[in-house]
Amino acid sequence: MKNQDHEARIAALLKEMTLEEKVGQLRQCGPSLVGAFEVSFSELLNMMFDGKISKEEFERLMSTAEQDYREEELRAGRIGSYNGVSDAATANRLQKIAVEESRLGIPVLLGCDVIHGFRTVTPIPLAESCAWDPGLWERTARVAALEATAAGVHMTFAPMVDVAKDARWGRVSEGAGEDALLAARYGVAKVKGFQTDDPAKNDSMAACVKHFAGYGAAEAGRDYNRVDMSMQRLHEEYLPSYEACVKAGALSVMPAFNDINGVPCSVNQWLLTDLLRDTWGFEGMTISDANAIAECVIHGIAEDTADAAAQALTAGMDMDMTSEAYHENLAELVKTGVVKESDLDRAVTDVLRVKFALGLFDNPYQTSVEKERQAFLKPEYRTLAREAAVKSMVLLKNEGLLPLSREKKIGIAGPLAAAGGEMLGAWAISGKDEDCVSLADACEIQDVTFVYEKGLKESEAASVGTESVPAGAEQAGVTESVPAGAEQAGVTAAGADPVDRAAISRMAEECDVLIAALGETKDMSGEAASRASITLPEEQLALLRALKETGKPVVTLLFNGRPLAVPEVDALSDAVLEAWQPGVEAGNAILDVLYGEANPSGKLTTTFPHTTGQCPMYYAHINTGRPGGRGKFTSKYLDTPLTPLYPFGYGLSYTTYEYADFSLEQGEEGVTARVTVKNTGARDGEEIVQCYLCDETAQRVRPVKQLMDFKKIALAAGETKEVEFTISYRDMGYYDREMNYIVEEGWFTVFIGRDSADCLSGRFELG
Ligand code: BGC
């Protein structure tokens with residue numbers, strides 16, 4: 001990305017900058033809140049979480065708050081960037097101060113979390129990954145960029161490409177699932193969609209690849225927790241997705257909160273300099289995660305914030321997101337020689353380089369209030385959001401019940417059927433509840449003959465109880481931290497029957513088919529939303545049992561931000577559709593699928609275990625010397641099946657596909673595997689064909705299967721297509737015991753199939 005003219009201008013600017021101005025460029029501020037209350041924002045937040053004030057009271061107070069952008073400091077050149085500005089008027093007001101009223105006129109950089117859409121909220125990333133469709137991923141990123149840039153955003157803190165194999169971790173919702181290849185393809189598509197070929201265009205924004213690195217491997221799925229793993233595994237399974245995004249030109253990288261093998265990423269020189277810059281050639285800017293630099297003190301790697309700032313800058317961290325550790329300490333650290341001015345200059349250069357790449361020096365005002373007024377929720381954006389939601393859904397079970405005929409009267413129950421805002425999922429900070437079409441809304445809009453009953457008694461549904469937290473947790477105060485919003489999902493106290501049986505039986509009498517809208521509220525996944533039990537709240541299971549007892553066929557719709565361990569849902573339902581958190585067009589997309597106007601084609605990018613105790617559960621495991629089996633001394637749990645509830649890559653359709661004619665051919669550069677896939681049903685459809693590899697014997701044990709490629713193909717009813725994959729020998733390698741990447745001779749198995757558990761296969765010998 002280096003550009004000679006820009007580099008010359010940066011060098012000239014650096015000569016003119018004072019020490020304070022340089023430090024200012026590395027400071028990202030969030031607007032502080034000035035309100036009609038005397039306590040700080042974080043205290044207020046804690047008061048709400050502690051139940052001292054209600055959520056409504058918190059929101060009322062927030063609405064009285066004003067945002068303070070510290071304009072005097074911006075004018076003085078002491079702020080280089082803001083996090084969270086997302087309206088054109090504020091963006092241009094701040095930019096005017098930076099460009100026209102500060103001494104050197106350096107433009108300000110505005111960053112914001114635009115994770116899965118801005119106003120047109122599209123499905124959560126985990127959902128969208130189930131479309132296995134890079135073209136779609138890029139198109140939704142484009143729309144996010146069109147809307148966000150109109151609101152003044154220059155950089156989004158996305159994509160998140162953390163490979164996540166542990167469903168307890170709440171942030172699985174923000175990424176593309178458990179597989180390295182998928183995460184890489186997903187990330188690259190997002191980078192292209194956000195940045196385009198020309199990041200300087202008004203409607204392009206910088207991507208910030210996060211969270212570098214290995215955040216998805218946080219121990220036991222508990223957020224922010226340690227990551228301790230071999231360098232080989234890190235390189236093979238966790239790093240490729242970040243590397244792919246860097247190679248695709250991402251302008252920014254966000255180091256993760258976690259440590260890797262004892263060294264927090266924020267101060268990890270090996271990660272931020274040796275690997276990212278010296279090995280991968282990254283020339284953009286790094287920006288810390290929120291407050292992460294100062295938090296290095298609590299983490300136990302720095303004595304105080306000055307030490308943290310010194311370590312972070314020296315390691316290769318360019319910008320400090322909101323911790324103020326740089327702002328408060330860097331000038332002094334340079335003056336006293338603790339930090340080299342050349343390191344400071346490197347960081348400032350990186351930040352200015354990104355500002356140049358975004359065109360901010362020559363074209364600082366990239367939007368206007370007028371442009372913003374017309375930018376959001378255009379009909380074509382809603383159409384795309386609906387398409388993305390349809391393609392994200394995964395049909396998990398269907399005993400011939402779906403698709404439904406529009407003639408049938410449907411009875412809808414469950415806490416998520418009419419909860420439009422819950423369809424947004426985590427990290428939809430610019431999304432609005434009123435933009436969302438819930439299932440019940442869609443039924444109204446589309447004149448469906450239906451009855452809606454929440455099905456849970458109001459008094460029960462309003463209390464947040466102990467059933468969903470482990471025994472003993474109450475004493476430990478865990479019940480207090482049940483996330484806000486959990487009550488809407490029907491988390492209630494044990495004991496009384498939470499189900500409104502009278503309403504359910506009335507509804508069942510009237511209707512032909514029952515639909516249970518179950519799952520998690522949006523607060524139950526995302527950041528700081530790890531769960532120790534990933535099943536449904538007991539009340540929801542009770543509701544499902546009651547629906548089943550009516551004898552009417554039951555379709556379960558699941559709305560969730562992570563895999564759920566729900567064997568009972570599978571057993572009690574005639575059909576199960578995983579809808580995830582589908583975004584603003586949720587209800588319309590669900591009806592498209594339920595009525596067969598769209599044929600479901602999504603496949604899971606994350607394994608669904610039977611029970612939480614199986615976590616982390618993922619398809620690309622190794623064999624052990626005693627693979628799980630009937631024998632006593634084999635690798636298994638006594639009390640749960642060996643296999644997952646639904647495997648990686650799994651998903652049904654309204655048609656059926658037959659795989660046949662597997663063949664292998666060895667060439668100069670690689671191996672070509674072929675199959676024929678026939679649509680043997682009566683409907684047209686799209687099938688995601690997956691190709692896996694296993695290196696049977698190696699110097700380090702290799703996964704039983706590893707995804708190497710995939711193709712999504714359209715097949716008309718009765719049509720047959722040949723599908724071919726070429727795997728290069730180079731891609732068959734791995735890191736040996738000394739960390740050399742090697743491709744070894746010997747036997748390999750290639751698999752092609754409909755999911756990770758159901759494949760045709762063949763072997764070949766390399767060498
Ligand atoms: C999250 C990041 C996010 C940042 C800025 C942090 O808490 O970990 O993913 O980009 O906040 O809002």
Side-chain angles (χ1 to χ4, degrees), residues 27-33 41-42 45 49 67 80-86 109-118 124-126 141 144 148 151-164 169-176 183 187 190-191 194 205-218 221-225 227 241-242 245 250-259 264-266 284-296 298-299 312 317-325 425-431 483 522-523 525-530 561:
R27 180 184 183 201
Q28 183 177 71
C29 290
S32 58
L33 294 173
F41 173 69
S42 57
L45 206 63
F49 286 136
Q67 295 190 311
S81 175
Y82 290 92
N83 180 355
V85 173
S86 54
L109 173 75
L110 304 176
C112 188
D113 288 279
V114 184
I115 309 299
H116 50 112
F118 187 75
I124 55 167
L126 181 62
V153 175
H154 304 137
M155 174 185 284
T156 174
F157 303 121
M160 183 188 106
V161 292
D162 303 328
V163 167
W169 192 48
R171 304 196 82 166
V172 296
S173 66
E174 297 173 53
K190 290 294 174 194
V191 171
F194 294 144
M205 60 185 177
C208 178
V209 178
K210 69 186 189 186
H211 305 84
F212 188 54
Y215 187 30
R222 181 159 56 78
D223 211 356
Y224 318 122
N225 208 4
V227 173
S241 49
Y242 311 103
C245 292
L251 290 174
S252 177
V253 168
M254 182 189 291
F257 283 125
N258 56 278
D259 69 275
C265 297
S266 302
M285 62 178 263
T286 51
I287 173 167
S288 79
D289 204 337
N291 302 326
I293 297 180
E295 286 168 10
C296 283
I298 310 168
H299 218 141
M317 182 77 87
D318 295 331
M319 187 175 273
D320 175 357
M321 182 190 278
T322 62
S323 95
E324 303 288 48
W427 282 113
I429 55 179
S430 305
K522 62 182 180 191
D523 299 334
S525 64
E527 186 175 355
S530 297

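Ligands are counted one by one from 1 in listed order, and the atoms in each one are counted from 1 as well. Please read these numbers as outputs of a predicted model, since none were measured by experiment.
- Inclusion of Y215 in the set of residues having an N or O under 3.5 Å from an N or O of ligand 1 is not warranted.
- The two residues A256 and S266 make their nearest non-hydrogen contact at O-OG, 3.9 Å.
- For the atom pair NE2 (H211) and CG (N258), the distance works out to 9.5 Å, reported to the nearest 0.5 Å.
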After noting the C-alpha distance and the side-chain angles of H154 and Y82, does the key distance pass the side chain to side chain contact (heavy atoms under 4.5 Å, CB included) rule?
CA-CA 10 Å; H154 304 137; Y82 290 92; over 6 Å; no
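- Between the side chain of T286 and the backbone N or O of V253, no donor-acceptor pair lies under 3.5 Å.
- Residue E174 has no nitrogen or oxygen atom sitting less than 3.5 Å from a nitrogen or oxygen atom of ligand 1, judged on distance alone.
- Counting only heavy atoms of the protein, atom 4 (C) of ligand 1 lies nearest to D289 OD1, 3.4 Å.
- Rounding to the nearest 0.5 angstrom, the gap separating the OG1 atom in T156 from the CG atom in L110 is 12.5 Å.
- One distance of note links CE of M319 with SG of C208; it measures 10.5 Å at 0.5 Å rounding.
- How far NZ of K210 is from CE of M160: 8.0 Å, rounded to the nearest 0.5 Å.
- With ligand atoms numbered from 1 in the order given, ligand 1 contributes 10 (O) to contacts under 4.0 Å with heavy atoms of M254.
- Using a 4.0 Å cut-off to heavy atoms of N83, the atoms of ligand 1 that qualify are 5 (C), 12 (O).
- Contacts between Q28 and ligand 1 below 4.0 angstrom, taking non-hydrogen atoms only, are absent altogether.
- Atoms of ligand 1 found under 4.0 Å from any heavy atom of H211, numbered from 1 in the order shown, are 2 (C), 8 (O), 9 (O).
- Atoms of ligand 1 lying under 4.0 Å from at least one heavy atom of K210, given by number and element, are 2 (C), 3 (C), 9 (O), 10 (O).
- Among Y242, W169, Y215, the single residue meeting the side-chain hydrogen bond (donor to acceptor under 3.5 Å, both in side chains) criterion with D162 is Y242.
- Numbered from 1 in the order shown, with element, the atoms of ligand 1 that lie under 4.0 Å from a heavy atom of F257 read 7 (O), 8 (O).
- Remark: minimum distance from atom 7 (O) of ligand 1 to any protein heavy atom is reached at E527 OE1, 2.7 Å.
- Atom CD1 in I115 sits 7.5 Å away from atom CD1 in I429 (nearest 0.5 Å).
- Here is the list of ligand 1 atoms found below 4.0 Å of a heavy atom in R171: 1 (C), 2 (C), 8 (O), 9 (O).
- Under the 4.0 angstrom criterion for non-hydrogen atoms, M160 is not in contact with ligand 1.
- Nearest protein heavy-atom contact of atom 3 (C) of ligand 1 is D113 OD1, 3.2 Å.
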